[in-house]
Amino acid sequence: MDESVSLLAEGRIPDTFNGATPRFEEEAFLSPGTFSSADEYAANPRFLELQEELRCVLFSAVASLEPSAYTSPIPSEPLDAASRASRQSLDFTRVSIPKIRLIYYLKNWITECAPYLDKFDEARSFGVHVPILAQRSPTLFYAILAFSARQTERKACLDKAYDSLELYQESIRLLGPCLQARDPNVLVTVCILAVMELMSVSPRDWRRHVEGCAALFDSFNVNGLSGGHLQAVFWCYARMELCGAIISNGAESTVLPLEKWVPALPDTAGPEREATIRDLFHQKGRVSPDMHANWAVYLCAKTCDLASRQTRHLELGEIVHDPRPFTEQWTSLWDELQFWLAQRPPALLPIKTTGIGGGQIFPEVLFAHWAAISGNQLYHASCIMMLDTKPPDKMLPLSKPHSSAIWHARRVCGISLTNPHSGNLINAIQPLYIAGKLLSHYSEHVEVAKLFKMVEESTGWGALWRLKDLERAWGYDPGEILSVI
């Protein structure tokens, strides 16, 4: 057994891996559209070919599906004894990677990667249910391994590491038959592959990686209130959508229209429809704190959608389908956000909050529930974006802190500093960028920069490109803040 395999078997990252020596060059992290010299993966011609192959497989399958033929997925039939026995054997033989390394990737999925995706899901669908599904689905099994291998490679800053590429290729090769069988669980595989792509490439290309997912969710009629593990998969997808919509800075909305995020409501429109959807989320959220947090994802996406529609209306002259004046639309969504805040279940309330001062730059806002961290952070990010587009004739009470964008910005930063859960740190990249643009003091800039660096180093998820964007917004030279932390 070679040294790298031995170290992986012990759960440690080797100093050398696939013949590569890890290196971390802070100055190499560039804004999207360019590639870090510490990560040549995104520019790999084979990776680019496989991305296109996956897109072609997905859109070909969608073209053959009939959306009207599907309802919310039905739970699987109980397995007989022979089926239970056969599904216990995972197939490690389809790739050239040593089995012991594949086992390491499987363990890494359960202990580190799945919690990234389960942060809004108490049932831990990605950590518990998905590995069980993978025992009967080789394409899902290799998608899990590909994601875990890629996370391992990025976290260790490994140059020329190709385990994840081989596993990604195998998952795509096995995907076609599952799509032809019209198995709704194929959504799990496709979502995991999309997240892996976003972890590996320029976030500016987000639409290319979620378009296939969006088409499949539409075809299978799966939405954010479908129930079961596919509901959890949908919200994982939705968070990718939201990330992209924020990155677009008002230029684009979500790929999957927001009306497809919830069950069809054919007899309602306008304010009546909004009230019905609000009641659906509210009722589900009273039973499940996770759903109240997912509601925050939906509201933040609505905020991006409102900004995008207004931008396209003002700059491109597009016709706005909502006949209400913009002030009325803005007020309705602002009220929804404040209703979300007021109706939080106990699990989504902070268990400790402190102010600032006495050397403390940002408030401490401690949460016990995973979903509460990002759920509340997205609420504050939504409010910042809403206040940025507030109509001039709309007055808010200045005595309330919710009317202050800088108050929300400091809460966004304080939440990440107080709650360093890895999955929520990944989800905080865009809210931190939104909040960071409002901060003016050098000490605040340094603390935010430390957060971005911590995300990159502790999770393997690209975050420093957003810090470079903030440096530009703050008026620093490229790398100036990063060089002092």
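All of these numbers come straight from a predicted model, not from anything done at the bench.
Contact of the Cys300 side chain with the Met385 side chain is registered, since non-hydrogen atoms from C-beta on lie closer than 4.5 Å. Counting heavy atoms from C-beta on, the side chains of Asn44 and Tyr162 come closer than 4.5 Å.
With sequence neighbours left out, Asp305 forms a salt bridge (charged side-chain N to carboxylate O under 4.0 Å, His left out) with Arg309. Residues that satisfy the salt bridge (charged side-chain N to carboxylate O under 4.0 Å, His left out) test with Glu170, not counting sequence neighbours, are Arg173. Considering only residues two or more places apart in sequence or on other chains, Arg46 meets the side chain to side chain donor-acceptor pair (under 3.5 Å) condition with Glu49, Gln169. Under the rule for a salt bridge (charged side-chain N to carboxylate O under 4.0 Å, His left out), the partners of Glu447 that lie at least two apart in sequence or sit in another chain are Lys450. Remark: Phe92 pairs with Phe141 by the ring-ring contact (aromatic ring centres under 6.0 Å, His included) rule, at least two apart or across chains. The side-chain contact (heavy atoms from CB on, under 4.5 Å) check on Ala238 picks up Phe234, Trp235, Trp261, Val297, with sequence neighbours excluded. With sequence neighbours left out, Lys99 forms a salt bridge (charged side-chain N to carboxylate O under 4.0 Å, His left out) with no residue at all. Here His229 pairs with His129, Asn185 under the side chain to side chain donor-acceptor pair (under 3.5 Å) rule; sequence neighbours left out. With sequence neighbours excluded, the residues satisfying side chain to side chain donor-acceptor pair (under 3.5 Å) with Lys260 are Asp218. By the side chain to side chain donor-acceptor pair (under 3.5 Å) test, Ser308 is found to be paired with Arg312, residues two or more places apart in sequence or in another chain being considered.
Sorted by first and then second residue, the pairs that involve residues 232-254 and meet salt bridge (Lys or Arg N to Asp or Glu O under 4.0 Å), not counting sequence neighbours, are Arg207-Glu252. Residue pairs meeting the salt bridge (Lys or Arg N to Asp or Glu O under 4.0 Å) criterion with at least one partner in residues 109-121, sequence neighbours excluded, are Glu112-Lys155.
Residues Tyr142 and Tyr168 keep their aromatic ring centres 6.0 Å or farther apart. Aromatic ring centres of Trp340 and Tyr379 lie closer together than 6.0 Å.
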Would Gln377 and Asn427 satisfy side chain to side chain donor-acceptor pair (under 3.5 Å), going step by step from the backbone distance to the final call? CA-CA 9 Å; Gln377 199 169 47; Asn427 212 54; 5.9 Å; no
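For the side chain to side chain contact (heavy atoms under 4.5 Å, CB included) criterion with Cys236, the lone passing option out of Cys191, Ser125, Cys213 is Cys191.
When every heavy atom of Ala215 is checked against every heavy atom of Phe59, the shortest pair comes out as CB-CE2, 4.2 Å.
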